Amino acid sequence: MAEWFGAPIMEKLINTGFQYLGDQVRWQTGMKEELKRLRENHPKIQAIVHFASSQEQIRDQNTALNEWLWQLRDAVDEADDVLDELEYMKLKNQLTKNKKQRKVRSIMKAINKRLVQIAKRTLKIDPNLKSLEKVVQKLDKVSAGVATFLHLVKDAKQEHQERQLELYRARETGSLPKNVLIGRGKDKDFVMKWLRNPSDEYQTTLYSNISLLSIVGQGGMGKTTLLQHVYKDEMTKEFDLKMWVCVSNNFDVNRVIANMLESLKNERICLDTLDALQKSLESVVKTKKFLLVLDDIWEENEERDKSKWENVLAPLIQGKLGSKILVTTRMDSAALMVAKVINKKNEMLRLEGLKDDECLLLLLRYAFVNVERLNDYHNLRSIAEKMVKKLSGSPLAARVIGGVLNSHLDESHWIRVLNYDIGSQNDISSVLKLSYIFLPRVLQNCLSFSAIFPQDYEYDKDDLIRMWIALGFIQLPNIPGETLKDVGERYFDFLVKKSLFDKFQSKHGIYYKLHDLLHMLVRSVSTQECFSVIGDEELLLGIPKTIRHLFVYTKNFEVLRKMKSFRNLRSLFLLYNHYEDFADGVLIEIFETLRSIRLLYICAPCLKHIPEVEHLTHLRYLNIVDTRVTRLPRSLSNLYHLQFLICDENFSNLREDDFLPRDLNNLLNLYYMKLPFPGMYDIGKLNSLQELDGFYVQNKAGYKLEELEHMNELCVLTINFLENVKDSRDACNAKLCDKRNLTDLSLVWRNIRRRDHYRSSDLMSHGVSNLDENVLDKLEPHSSLKKLKINSFMGTRSAIWMNNDNLISNLEYIQLEDCLAWQILPHFGHLPFLKYLYLRNMPKVKRFDYKFHGHDKDCLFPSLQVLDIKNLNALEDWFDTRTTVNGCLFPCLTAMCLHECPSLQELPSLPPKLKELEMVNIGWNAFNLLQDASNYCSILIQNLPNLISLRGMHEPETINNYQLILSELIIKDPFVLLMVPLTRITSIQKLEIQNNYTLFSFPIEVEQWFLKVSSSLCELNLKRLKFLQSFPSFLDSLSSLKILRVENVPQLQLLPNIPFSLERLELVELECLQSLPSSLESHCSLKILCVENVPRLQQLPNIPASLERLELAELRSLQCLPSSLSFSSLKHLELRHIPLQNLPDLPATLCELWLQGLECVNSLPASFHNLSSLQKLTINWAPQLQELPELPPFLCFMYLSSLTNLDCLPSCLSSLSSLQELTISDSPQLRELPDLPSSLKSLLIFNCHPELIERYQEFVGSDWHKIAHIPNVYIYTQLED
């Protein structure tokens, strides 16, 4: 059971219920006693509920308590529904002039004696008041049982304290390593190097004698193990004193200092007061050089914890210069807090997951402990390899699962563990559970609900917050001016700060993920309330009746039909991913029975109609995604509680005036709305709307900009189709300047006008330009604006307000795109808070405008973090050199992307904090990488024809002070590698050389450069090198190389020996290559080999035993496959368009086989049925193949296409008990099917013999009964040429 009862929502419900009942029905004498008892029991109920929320183990073991809690939950939920219905009636009465409804409203509000008699009569006939009376009685009856459990609260206090101490002791760590260090060699070297580095500070401030390094990573990543090995290293003997303290979550100042002293003296410390402990520690460390490890630091309350750490660290001021502190923590915030306490830069080493091979090595070490003959268990290794992919690189998980596997070294046990939810065992739970238990209870609810989505789900922050609001998880703000969304953002940011959500960046924007292990943990503690069904209806059997939130993703229509049985649902996600028509009858049943729903999400590509929703009066959130709906239900306008209405842009064939009900502006509680074109008629009445993603301007009443005039609560606004504004004075009517809450504004003209613009006459173009300029002038926003997007604006100049410092000074994000006529940009460099600037496809922009700002700024773009400029072909001046002579430029920039700006002015030096750099077709001659070369992690340099130097303004001798470490470098010319500072590179992981049409061979200097990085280079890609004839001789010396791709190098004739570390080799479009290295067979690390479109290749060497995947395609000279193929460990084999005469025997390990374009093969190997591991078979275009042999027994998926001579299928098909999908296409000789297995779920046949189509036609075909048991059958008439 999730920690629902600890949430403020319960107190809110009960308190609101008491208040409402007291105000509305206190004239009911029978109710007075019940209300009185409820008020008396309320504090007791809260005590029990709060106790149960934090004592999961006790609650689960006490069946009576658990049952009573759910009875209480049910009663409170019912009361919530009734109160919600009464509020609904109030909202409805505000919108109606019906005389009878006004009378009901009068009865509900009036309490005076003259109306008592009328009210009593109403109570007997009004179902809402009857329901109110019923839930009060039920809540009273349930609460009477609270006395039974009061003793638990008292008895549990001592037990809770003991459990907390036990939990701490279970996490207590020592300095001696108990685990091997695998995969952390480089991390250890980094820490050791940091320990050796002398302090560069002078003894001028407090703590200047101390250096700090924090090891940060999620639970189970090996932070403690790493520092245990560091602590034991001989090098640490250089310190006078060494201390190891496990802090953990139970942070007590006195205990931590006492543990430091105990670590030094190896004896029990008997001092009690903080002062005595501090003085004792101070005297010990005075003038001593010490090493202190603070293991497992947490941060729960920043200000309180900061004060505690000041007390802990104060005595260390007396230590000697060169003293070091190492910290381990899961939280960036905890590391930052300690750094603030001692006034240090927050230096961090972040531990990521181990690589799969490292994780496998660790798992096997623990699985085969005390096993001498490992070769006896070689069959278990492949299972372990699959298992490590579930562990997310966690060393802790690998150790724990290895221990589980060690109990039984047999295949059946290992497979059971493989199929089990790894990650919910022993140490993993206890470690990760701390992250959950010590959250504020309201955040436990938010996190528990978030885990309803599948693993690896990509969360949209804003949408998740909307869901939290709809479900009542967000407490009302207590800060003036703060909105529910502001509170939700604070909640979410807190979870990110605690490393519970991980942040990711893609080309589509920012998204978040829950770590798999954390996801499983949260699910385990919330399984009685939150549940997911992914797949078939059998999973429904495991859903508890207490469920409140349900996520369903299925292709099985019967699963949807059973949703109606879960009547207590508060949220329902329906994702029906099938291509058959969606019968809306099941939605009618769901809407009629699940009336308590607050959140409804529907995604069904074949759904054409949504039934009426008049029963969903509690609904707050409605999201309709990826459907074929052309008209929303009319009763939608009666859902007065609705706060969020989202319809994505995938609606087609909309009837412009009929998609939405006309009276949708009744929904006065709407906060957020996202609609497709044409948007909403008469939207201006929704004065409470805060976010409008899609206002579509039309030149007709109800859709003009004047609708926005009084919508002054708007925070986020997107205005589309601004080309429909025919008079700039209309733009004034939007009154954007009056909207003080507006922080995010997008102004969009339709893209199609770009083509019309250039086809039109100069006079017409001038008219469009002037109109757009005047419209943008009139759309002046309030100075509170933080985010601005402008798209497809056709004006030649900036808006007047964009040159006003006071109006745009708060901007943090600017994106200008497809503004084809714009010539001079505002001087954005002076904006103090601007962090993100995107300028794209603006071919006429020449410069930024300086004339409004003078030259007195010390720093340009002082806060900018991301700069993205693409396709500004005419841009030359983007900063004023006079401004930066004595100042700085881009001091905070971490990512810079410059594409297709051939005339761009050169920078005097690259920004000092830059980490990511992309430059494509930039006309620079030189740029400086030496500001702080160690910062760079990714550099792309492509098509810089004028580049002659990377050194810039620095003197050559200064390069010795820099070490360049890159993760990725993409270049066109390998001579770039010989430019400073790339000549000083110490580490690079990925290098790509591409699009070079002059390179014949690698110079000797470049070969020497490669030798420098041989120990770090993991991936090398050589693409589109038109004249390269030979590979460098250094190739086999790249000892860390794991991936080698050679693509479109038409003159390459010989491939030299490849390094033994290689795991993946791809050779594509090599017209002159005639052979592969004969040593290939001995490469025991190679797992993937792909050879495609190498027309002169006549034979392959024997493949290595380690190879798992072999892809061969378009090899028109290859006549046969290597004999070693039959004895290999291949799992995936792909043969496409190769002139093979016969296929050899295939390896028994094969799981997937794809044969295509084998025009000469007329039969498959006789041993084909022995492929017991084969699960997927695809045969496409084998015109000589007349029959199939006996098929492998465990085949699951079979796809047959373009088998023009195949006239029958093997009779063994009926015995394939695992077969799930069968597709047959373009096989015109096939007239009949054999008996098919009962396991088959999908049968697809098209373009086969007409007789076959006729015999198996649904219901009427003579052989229909043979396939009627298959759930999904699709048989199409033969297609015409």
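Note that the coordinates shown come from a computational prediction; the quantities given were computed from them, not determined experimentally. This chain uses plain numbering: 1 for the first residue, then up along the sequence.
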- Message: What verdict does the salt bridge (charged side-chain N to carboxylate O under 4.0 Å, His left out) test give for Lys789 and Asp744, after you've listed the backbone C-alpha separation in whole Å, the side-chain angles of each residue and the deciding distance to 0.1 Å?
- Response: CA-CA 8 Å; Lys789 295 182 182 179; Asp744 187 335; over 6 Å; no
Does atom [atom1] of [X] have more than 12 heavy-atom neighbours, drawn from other residues, nucleotides or ligands, at distances under 6.0 Å?
{"X": "Lys846", "atom1": "NZ", "result": "no"}
{"X": "Arg490", "atom1": "CZ", "result": "yes"}
{"X": "Lys786", "atom1": "NZ", "result": "no"}

- Item | Exercise: identify the closest heavy-atom pair between Ser728 and Asn774 |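 Closest heavy-atom pair between Ser728 and Asn774: CB-CB, 3.5 Å.
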- Item | Shortest non-hydrogen contact between Met802 and Pro826, atoms and distance |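 Here Met802 and Pro826 meet closest at O-CB, 3.7 Å.
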For the residue pair [X] and [Y], establish whether any side-chain heavy-atom pair is separated by less than 4.5 Å.
{"X": "Trp194", "Y": "Leu349", "answer": "no"}
{"X": "Cys737", "Y": "Trp801", "answer": "no"}
{"X": "Asp738", "Y": "Asn712", "answer": "yes"}
{"X": "Asn871", "Y": "Arg840", "answer": "no"}
{"X": "Tyr672", "Y": "Leu692", "answer": "no"}
{"X": "Phe828", "Y": "Leu860", "answer": "no"}

- Message: Please verify the inter-ring angle class for Phe861 with Phe848; under 30° counts as parallel, over 60° as perpendicular, anything in between as tilted.
- Response: perpendicular
- Message: One thing to verify: whether Glu691 and Lys485 come together as a salt bridge, which I'm taking to mean a side-chain N less than 4.0 angstrom from a carboxylate O.
- Response: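 Result for this pair is yes, salt bridge flagged.
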- Got a salt bridge between Asp730 and Lys778, using NZ or NE/NH1/NH2 to carboxylate O under 4.0 Å?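 No salt bridge links Asp730 with Lys778.
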- Message: Counting the benzene-type ring for Trp, do Tyr459 and Tyr511 have ring centres under 6.0 Å apart?
- Response: no
- Answer yes if the ring centres of Phe721 and Phe695 are under 6.0 angstrom apart, and no otherwise. no
- Of the options Asn803, Asp777, Asn770, which is the one that meets Arg797 in a side chain to side chain donor-acceptor pair (under 3.5 Å)? Asp777
- Message: Consider side chain to side chain contact (heavy atoms under 4.5 Å, CB included). Of Asp772, Thr796, Leu816, which one does Trp822 pass it with?
- Response: Leu816
